[in-house]
Each structure stands twice: as C-alpha cells, then as structure tokens.
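Naming: A, B, ... by sequence-line order, numbering from 1 per chain. Scope of the values below: all heavy atoms of this structure, side chains included, with no hydrogens, waters or symmetry mates.
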Amino acid sequence: MKYQAPRGVKDLLPPDSETFRRLEDEIREVFGRSGFREVRLPIFESADLFSRSIGESTDIVEKEMYLFSGKGGESLALRPEGTASLIRAAIEHHLAEPGRVERLYYQGPMFRHERPQAGRLRQFHQAGAELLGSSDPDDDVDLIATVSRHAQATNVPASRLLINSMGCPKCRPAYREILVNYLVKNRDLLCETCQRRTETNPLRVLDCKVPSCQPVLEAAPHLVEFLCPESRNHFEQVCRGLEGESLSFTVTHRLVRGLDYYTETAFEWVSDALGAQSTWAAGGRYNGLVRHLGGADVPGVGLAIGLERLLLLRELAGTLPQATRPAVHIAIHPLEETARPYAHRILAALRHQGISAVGIFGQARIKRAFLQAEREGALFIGLLGGDELSAGTITLKHLGSGIQKTLPAFPPEVLAETLRAPWTP
RNA sequence: GUGAGUGUAGCUCAAGGGCAGAGCACUGGACUGUGGCUCCAGGGGUUGGGGGUUCGAAACCCCUCACUCACCCCA
C-alpha cells in the first residue's frame, strides 16, 4: 500500500459519510430553531489570531497548532477551534457592535496536532453557536437549554452538565493571587506539572488528575467564594434560571477552561459513556474577547459541540439519524451495441424529469446487469434491445415484485409518471 | 511528547520455528433477451516496512510506520 491517510485523520465513506451529514444537518436545525444563522469561516487564519485569543500559554497554542507560512512569509495556522475566527469575522464585518445582538453559528473541521485516541482526532469537527451583544444571564441559560434539551430529546447517554464561574477581570486576579499563595504553601504536595503551572497558568492546576494532588486541590479555595458582587449575581441568576428550567447541573468548583478568553459562566457536558475524552460539548461566556481582538466592548457567550464525540454517544443511544443512500430509481441496460445511443437519450430524458437513473454499460451478460442494478440500489431495471429500439419502447422490470412491462419510452413525462406510480401485483 | 497492546487476502479471523489457510466478498461456468437460490471452478498475500538470529521466521530479537487504548490535553 503506497499512500495512506496521515495520522489522526479519517476518510468518511458511505454510508458513514451520509450519517455524518445527517448529524450536521440536525445540529444546523437545532441552532437554527434558536435563531442562530450560519457563517462559513476560513479553515486557516493568521496564527497570531489564535495565540492572542486562546492564550500563549495553552497547550493548543504552544504545541498543537498546524503552522505554515504564506508566500509573503506571513505566519498562518489551520484553525484549532472556531470562536476566534468567528469573532474576528464579526468585528471585521461590523456585526459585533455595542447594543446589537447577533446569533451566529459555524460548523466544520478543526485541526490540532495531538496523539490520536478514542474521541480525539487531528482533524475533527465542531459545531459552535455564539451569541454576541448580551451579558444577560438568561441568555446563558437559554443557550445551555438549547443543547441540554436536544441531548434529552435524543437520549444522549449518561450526560451531565457541569458549570462554574470564572469570575471577571475585577475579581479573578484577586482569586488568582489567593490560589497561588495556597498552592505555593502546599508546593511539596503537588506533582511537577502542577508546580510548573502554579507559575504559568494557576487556574489550570485545579484541573489536575494526578491522584496525589487531589487532597490539596479538593481543599483549595473556591473561585465562587471570591466573586465580586456583579459576578456573583450573574452566576446565581444562571443557576436559578437553570433550576427554573428544571435542567439539572452540578456546580463544579474545579471546572476551568483551557482557553483564556472565558469570563463568568463556564459549562460543559460530559458523559461517562465516552472513554477518557468525556467532554462532548463545552462553552462559556467571554465578555472581554471582542475588545481583546480589537473590536468594541461587546460581551458574548458561546459553546461548541464535538461532532465525532456526539456521534459516538448517539450511536450508543441508537438515535443516530438514519443514513439514507440516494435512491437510484432506474438502471438502464442496453442489450446490444446499437441500443447504446438510445440508452443515453433515455437517461438524459429521465434525469430531466427528476428521476435518478444510472446506465449499466460494462456488463456483457444480462445476469451481471441485474446484479449490478441491485447493488446500485435501483428500484427498476430498464432493458433496451433491438425490439425496443425499433419500436421506441423500453422493457421495465420492477426488481422488488418482478412485474415487467414494455412501454413507449417517449414522451419522458409519461414514462416518469409510470415509474413513480406504485407497482404492485 | 510518554506508556501499553495490536498489525496475516477486499472484510472477519486461523496457523505460535518446518507446504500461509478458512468463512464472507470477488471473478468465471452450469445459465446466449431476464436477477436474488444452488452447484462447480478460479484469481488473489513480498504475513505493515527494514534489518538481524536460524539449515529454516508470519512466529524469536532490534529499528521503523500505522492502528487501538491510556497519560497529557481537550470538543
């Protein structure tokens, strides 16, 4: 085997490609019903956009981006996530303006250079929704409800919603200092990675899963206890709103975001039915991001769904959208050389009538032609021999019932109608 | 980036130092303008790749690549 797909990328073949397509369409529908409209974003951007928005000290930027240079030497990157691109586009096209509310969604492949494993690919797909221009906690609640309700309706197994507050630029630095003091005091009890992160990205230490770190981290001060009055109020209203919607959630003090631009509410949906990569959707509020990227002071809240992970869950639940192969209505087989042009004429005429039709040209024996017609999913086979050619007819056989009729091939409107009518004994 | 487990026909898998095999799929025939069933026959492989040990390697050793899972990170 000479060539094979690069590591961590996957070919999606029928019927899996059709199933995936249906899942994407379903998510478009869900976002669309909540008022979001699609933006098509480029697959690469200036590398700088991602390091500025995601954060220099995150793994994504430090070691997982696919970087390359443009002809002019500019530094470009395949997008590792969608929010940065969407916000860039919203600023560029003046959709992120004070007082203006925009609901936008995107969908498509993302790229991160990681070691592949269950639910983790180097090219994977995300669908994300972003609501710009509102800082109202009920918009957080509504966005969360959109995904949670759909998860309920499609029986996503063992799914739990976790939420936390990341605070705001007013209160997070104070908490950060308190946390760093606590971590430094307990430095000897922490793993090497945590010791290093205490300097570089202290909030991430809370996310550590090394067993020996757990007692220290469990006892660490909780961010929610140090929120400023505004942030506290926002978080409480989100919690109350979710309760009002009867959406169950768990406040998880050690839930933090890997991406620096999140403020206030952070949330994610996890499922024990997945492997180690248990998060299938995640999001949060990012009130500082638009300005951070050079736009106006416009708040935002958004989320992204990992489509491959959702697909795994829906497969387990048995609620995957039905993969439908495009139906071939009729397969047309010329029995003699002289009937070939006639076959082409009928194929074109039927397709023009909206009937899907394939030609079977490469089979010398009629038995093979029947087998191929079945394999291609045809409902009918149309046989064209010398008799049909001279009489201007076509011999139709309905493959399901075995009913056979020889009818005029033209006008095509009449033939198309015959093919659409039920053929029962 | 680290670790473990797997790589044999298109697919699912046998053979565990001594002739590389089965089922399904594929191709041809029985069957010349009428399919699915059946029967008969056939094609397919440098055993992921490279090197080594051995009279002899799919098997044992080393390197490498890929897949799977876990760490890490994240959707």
Side-chain angles (χ1 to χ4, degrees), chain A residues 1-10 13 27 54 57-65 79-83 106-128 147 191-194 196-197 201 204 207-211 255-259 267-271 274-284 302-313 331 333-336 339 360 363-376 378 380-389 395-404 406:
Chain A
M1 203 176 297
K2 192 152 190 187
Y3 291 108
Q4 53 185 303
R7 180 164 214 192
V9 309
K10 247 174 77 177
L13 307 174
I27 297 302
I54 298 170
S57 71
T58 55
D59 278 17
I60 292 177
V61 168
E62 274 182 346
K63 43 193 192 197
E64 294 175 3
M65 280 210 289
R79 62 181 185 190
E81 57 106 43
T83 300
Y106 61 85
Q107 169 275 330
M110 307 292 162
F111 306 85
R112 294 181 198 174
H113 188 100
E114 299 183 275
R115 193 85 175 254
Q117 79 186 66
R120 193 169 79 183
L121 294 162
R122 290 183 175 179
Q123 177 178 340
F124 61 103
H125 294 77
Q126 285 188 341
V147 170
C191 69
E192 218 172 279
T193 312
C194 285
R196 181 166 43 79
R197 284 211 187 111
N201 199 344
R204 288 228 53 106
D207 218 18
C208 180
K209 278 143 199 135
V210 174
L255 173 68
V256 294
R257 290 266 70 99
L259 316 182
F267 44 89
E268 68 184 55
W269 288 264
V270 298
S271 172
L274 290 167
Q277 314 300 316
S278 58
T279 302
W280 62 269
L303 59 85
I305 300 170
L307 290 181
E308 283 85 358
R309 291 183 188 177
L310 179 58
L311 184 98
L312 286 171
L313 290 167
H333 177 58
L335 293 159
E336 293 162 24
I360 298 182
Q363 298 295 350
R365 302 190 53 177
I366 190 165
K367 172 173 176 164
R368 307 294 316 162
F370 269 88
L371 286 173
Q372 188 184 326
E374 277 180 353
R375 265 179 222 153
E376 299 213 35
F380 292 90
I381 193 166
L383 300 172
L384 303 174
D387 297 346
E388 286 84 359
L389 181 56
T395 295
L396 296 176
K397 186 163 189 178
H398 185 247
L399 291 167
S401 64
I403 297 173
Q404 180 168 320
T406 298

Indicate, with a heavy-atom threshold strictly under 4.0 Å, whether [X] touches base, sugar-phosphate, or nothing.
X      : value
A:Q372 : nothing
A:I305 : nothing
A:L399 : base

Any side-chain heavy-atom pair from [X] and [Y] closer than 4.5 angstrom?
X      : Y      : value
A:I366 : A:L383 : yes
A:L274 : A:R309 : yes
A:L255 : A:E268 : yes
A:W280 : A:V147 : yes
A:M110 : A:P80  : no

Hey, where does RNA chain B pair up into stems, meaning at least three consecutive Watson-Crick or G-U pairs with distances under 3.5 Å?
->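 Runs of three or more consecutive pairs: B:1-7 with B:65-71, B:10-13 with B:21-24, B:26-30 with B:38-42, B:48-52 with B:60-64.
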By salt bridge (Lys or Arg N to Asp or Glu O under 4.0 Å) - contacts of [X] (at least two apart):
X      : value
A:R122 : none
A:E308 : none
A:K10  : none

Round to the nearest Å and state the distance from [X] atom [atom1] to [N] atom [atom2].
X      : N      : atom1 : atom2 : result
A:R309 : B:rC74 : CZ    : P     : 11 Å
A:D387 : B:rG33 : CG    : C1'   : 9 Å
A:I27  : B:rA75 : CD1   : P     : 17 Å
A:W269 : B:rC74 : CH2   : P     : 18 Å
A:L383 : B:rU32 : CG    : P     : 15 Å
A:E374 : B:rC26 : CD    : C1'   : 17 Å
A:H398 : B:rG35 : NE2   : C1'   : 14 Å
A:R112 : B:rG1  : CZ    : C1'   : 17 Å

With rounding to whole Å, what would you report as the distance between [N] and [M] at their [atom1] atoms?
N      : M      : atom1 : result
B:rU34 : B:rC24 : C1'   : 27 Å
B:rC63 : B:rC26 : P     : 43 Å
B:rA57 : B:rA15 : C1'   : 14 Å
B:rA59 : B:rU53 : P     : 14 Å
B:rG50 : B:rC71 : P     : 35 Å
B:rC72 : B:rG3  : C1'   : 11 Å
B:rU47 : B:rA66 : C1'   : 16 Å
B:rA9  : B:rA14 : C1'   : 13 Å

Quick one: classify the glycosidic conformation of B:rG16 as syn or anti, with syn meaning within 90° of 0.
-> syn
Tell me which nucleotide among B:rC74, B:rG36, B:rA30 gets nearest to the side chain of A:R365.
-> B:rA30
Comparing A:G400 with A:S278, nearest RNA chain B nucleotide closer to 5' gives the residue A:G400
Between A:A304 and A:Q363, who's closer to the 5' end of RNA chain B by nearest nucleotide?
-> A:Q363
For the residue pair [X] and [Y], what are the closest heavy atoms and their distance?
X      : Y      : value
A:A304 : A:Y106 : CB-OH, 3.8 Å
A:F124 : A:F111 : CE2-N, 4.3 Å
A:F370 : A:I381 : CE2-CG2, 3.7 Å
A:L384 : A:A339 : O-CB, 3.5 Å

Do any N or O atoms of the protein come closer than 3.5 Å to N or O atoms of nucleotides 6-9 of chain B, and which pairs are they?
none

Can you name the residues that form a side-chain contact (heavy atoms from CB on, under 4.5 Å) with A:A369, not counting sequence neighbours?
->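 For A:A369, the residues satisfying side-chain contact (heavy atoms from CB on, under 4.5 Å) (neighbours in sequence not counted) are A:H333, A:I360, A:Q363.
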Table of protein N/O atoms under 3.5 Å from nucleotides 64-72 of chain B N/O atoms:
residue : atom : partner : partner atom : Å
B:rC67  : OP1  : A:G8    : N            : 3.4
B:rC67  : OP2  : A:R7    : NE           : 2.9
B:rC69  : OP2  : A:A118  : N            : 2.9
B:rA70  : OP1  : A:A276  : N            : 3.0
B:rA70  : OP2  : A:Q117  : NE2          : 3.1
B:rC71  : N4   : A:R120  : NH2          : 3.2
B:rC72  : N3   : A:R120  : NH1          : 2.7
B:rC72  : N4   : A:Q117  : OE1          : 3.3
B:rC72  : N4   : A:R120  : NH1          : 2.9
B:rC72  : N4   : A:Q277  : NE2          : 2.8

Name all residues meeting the side chain to side chain donor-acceptor pair (under 3.5 Å) criterion together with A:E374; count only those two or more places apart in sequence or in a different chain, and write none if there are none.
->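 Result, side chain to side chain donor-acceptor pair (under 3.5 Å) vs A:E374: none returned.
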Which residues satisfy the side chain to side chain donor-acceptor pair (under 3.5 Å) test with A:Q123, sequence neighbours excluded?
->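 Per chain and number, A:Q123 pairs via side chain to side chain donor-acceptor pair (under 3.5 Å) with no residue.
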If only side-chain N and O atoms of A:R375 are considered, is one of them under 4.0 Å from the OP1 or OP2 phosphate oxygen of B:rG35?
-> no
Any stacking of A:F124 on B:rA75, going by centres under 5.5 angstrom and planes within less than 30 degrees?
-> yes
Check the interface with nucleotides 38-40 of chain B: list each N/O to N/O pair with the protein under 3.5 Å, or write none.
none

Using atom names, set out every protein N or O paired with an N or O of nucleotides 10-12 of chain B below 3.5 Å, distance rounded to 0.1 Å.
none

With distance as the sole test, does A:R79 use its side chain to make a donor-acceptor pair with the main-chain N or O of A:P109 at under 3.5 Å?
->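 Between the backbone of A:P109 and the side chain of A:R79 there is a qualifying donor-acceptor contact (under 3.5 Å).
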Which distance, rounded to the nearest 0.5 Å, do you find between the CZ of A:R365 and the CG of A:L335?
->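 Going from CZ on A:R365 over to CG on A:L335, the span is 13.0 Å.
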Distance col, row A:E336:CD vs A:E388:CD, nearest 0.5 angstrom, shows 8.5 Å
Residues which pass ring pair (Phe, Tyr, Trp, His ring centres under 6.0 Å) with A:F380, listed by chain and number, not counting sequence neighbours =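 Counting only residues at least two positions away or on another chain, A:F380 forms a ring pair (Phe, Tyr, Trp, His ring centres under 6.0 Å) with A:H329, A:H398, A:W423.
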Indicate, yes or no, whether a donor-acceptor pair under 3.5 Å links the base of B:rG33 to the side chain of A:Q404.
->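 Donor-acceptor pair under 3.5 Å: no.
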